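Notes for the one structure printed next.
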Amino acid sequence: MKADCIIGIDPDVEKSGVAFLNVKNRALEVSTLTFTQLVDYFDHVVERQQKTGQSVIVVVEASWMIKSNWHLKFGSRKEYAAATGYKVGQNHQTGKLICEMARSKGLVVLEHAPLRKCWKGKDGKITADELQQITGLIGRTNQESRDAALLAWCVANLPIRAKCL
C-alpha cells in the first residue's frame, strides 16, 4: 500500500511508541503515548487528513501474529513464566484495541508482524545511533519510539543504509 504518511505504532500497555512519517520528505516525528492520548491523536490525524487530503496508513506491530512468542530464560520459575505470559497478553490486547480504535476513526490499518531483531542493541533491538544513521532523526528516543519509527520506515520501503548484524 502506498500512502503519503505512515504512522508506526509499537503497542505497550503503559505507553506505546508512535512514529509519524511523511514519506515524501522523509520527515519523522516520534513520541510515546498512553492509550487515551493515542485516541486523541487519531482524532487529530483524521482532522489533518481531511484538511490536507493526504493519505495515511496506521501500521501496528502485531506480535500476536507470531505463533510462538517466548520471552523466558532457561530455568525460569513457573511464577515468572506466568507473569511474563500475562504481560505479553496485555500488550497483544492493547495492540488489537489500537487497531480497532484506529479503524473506528476511519483510518486504514495494517497489522504487521514484528521486524527481525538484527541490530546492535540488547536482544537485537535497534539503537538510537543506528536509527539516526538510517533516518537522520535527531534527539532522544526510547526503545518503543525507535521500534515504531523503524516499522514506519520499512513499510514506506525507504532505504536502510546500515549493516544489519
Side-chain angles (χ1 to χ4, degrees), residues 1-66 69 88 90-119 121 124-164:
M1 287 192 254
K2 294 284 184 185
D4 299 315
C5 302
I6 298 175
I7 299 172
I9 300 177
D10 180 22
D12 196 304
V13 173
E14 292 180 24
K15 283 194 170 188
S16 298
V18 180
F20 183 88
L21 173 64
N22 183 317
V23 178
K24 186 176 181 180
N25 64 13
R26 298 182 183 183
L28 184 63
E29 300 170 16
V30 297
S31 61
T32 54
L33 301 174
T34 65
F35 187 81
T36 54
Q37 290 171 327
L38 195 51
V39 172
D40 292 341
Y41 180 68
F42 287 153
D43 289 334
H44 168 75
V45 168
V46 169
E47 186 179 303
R48 180 178 173 182
Q49 185 180 19
Q50 290 170 347
K51 286 180 183 175
T52 65
Q54 290 182 317
S55 58
V56 176
I57 295 176
V58 176
V59 183
V60 179
E61 184 181 76
S63 55
W64 58 90
M65 295 173 79
I66 299 173
N69 196 351
V88 168
Q90 284 184 308
N91 282 343
H92 289 187
Q93 188 59 36
T94 300
K96 289 177 180 183
L97 290 172
I98 289 170
C99 292
E100 184 179 337
M101 183 57 62
R103 286 185 181 110
S104 75
K105 302 284 184 180
L107 294 166
V108 176
V109 176
L110 172 64
E111 297 176 19
H112 195 286
L115 299 173
R116 190 167 67 103
K117 308 293 186 242
C118 60
W119 305 95
K125 296 271 196 164
I126 192 163
T127 65
D129 289 339
E130 290 171 317
L131 185 63
Q132 184 178 1
Q133 282 179 355
I134 295 168
T135 65
L137 181 67
I138 298 173
R140 292 184 60 92
T141 58
N142 64 13
Q143 194 61 60
E144 288 79 20
S145 62
R146 287 194 293 271
D147 288 346
L150 185 62
L151 183 61
W153 197 266
C154 288
V155 168
N157 204 25
L158 295 174
I160 295 179
R161 293 188 180 97
K163 284 189 176 182
C164 200

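Being a predicted model, the structure only gives us computed values, none of them experimental. Just so you know, residue 1 is the first one in the sequence shown, and it goes up from there.
The salt bridge (charged side-chain N to carboxylate O under 4.0 Å, His left out) contacts involving residues 137-153 comprise Lys125-Asp147, where partners must be two or more places apart or lie in separate chains.
Remark: Leu33 CG to Leu38 CG distance equals 6.0 Å, nearest 0.5 Å. The distance from the SG atom of Cys5 to the CG atom of Asn25 is 8.5 Å, given to the nearest 0.5 Å. For the atom pair CD1 of Ile57 and CG of Asp4, the computed distance is 9.5 Å after rounding to the nearest 0.5 Å.
Scanning for side chain to side chain donor-acceptor pair (under 3.5 Å) contacts around Ser16 gives an empty result, with sequence neighbours left out. Considering only residues two or more places apart in sequence or on other chains, Asp10 meets the salt bridge (charged side-chain N to carboxylate O under 4.0 Å, His left out) condition with none of them. Residues meeting the side chain to side chain donor-acceptor pair (under 3.5 Å) test with Asp129, sequence neighbours left out: none. Not counting sequence neighbours, the partners of Ala62 by the side chain to side chain contact (heavy atoms under 4.5 Å, CB included) test are Trp64, Met65, Glu111. With sequence neighbours left out, Glu61 forms a salt bridge (charged side-chain N to carboxylate O under 4.0 Å, His left out) with Lys117. Legend: residues meeting side chain to side chain donor-acceptor pair (under 3.5 Å) with Ser31, ordered by chain and number and at least two apart, are absent. Residues meeting the side chain to side chain donor-acceptor pair (under 3.5 Å) test with Gln37, sequence neighbours left out: Thr34.
Side-chain N or O atoms of Gln143 include one that pairs as donor or acceptor with a backbone N or O of Ile126 at under 3.5 Å.
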Distance-only criterion, 3.5 Å: show the donor-acceptor pairs between side-chain atoms of residues 39-52 and protein atoms not counting sequence neighbours.
{"from": "Asp43", "atom 1": "OD1", "to": "Lys105", "atom 2": "NZ", "distance (Å)": "2.7"}
{"from": "Thr52", "atom 1": "OG1", "to": "Arg48", "atom 2": "O", "distance (Å)": "3.0"}
{"from": "Thr52", "atom 1": "OG1", "to": "Gln54", "atom 2": "N", "distance (Å)": "3.2"}

Show every donor-acceptor pair shorter than 3.5 Å between a side-chain atom in residues 148-155 and any protein atom, with sequence neighbours excluded, or say none if there are none.
{"from": "Trp153", "atom 1": "NE1", "to": "Pro159", "atom 2": "O", "distance (Å)": "2.9"}

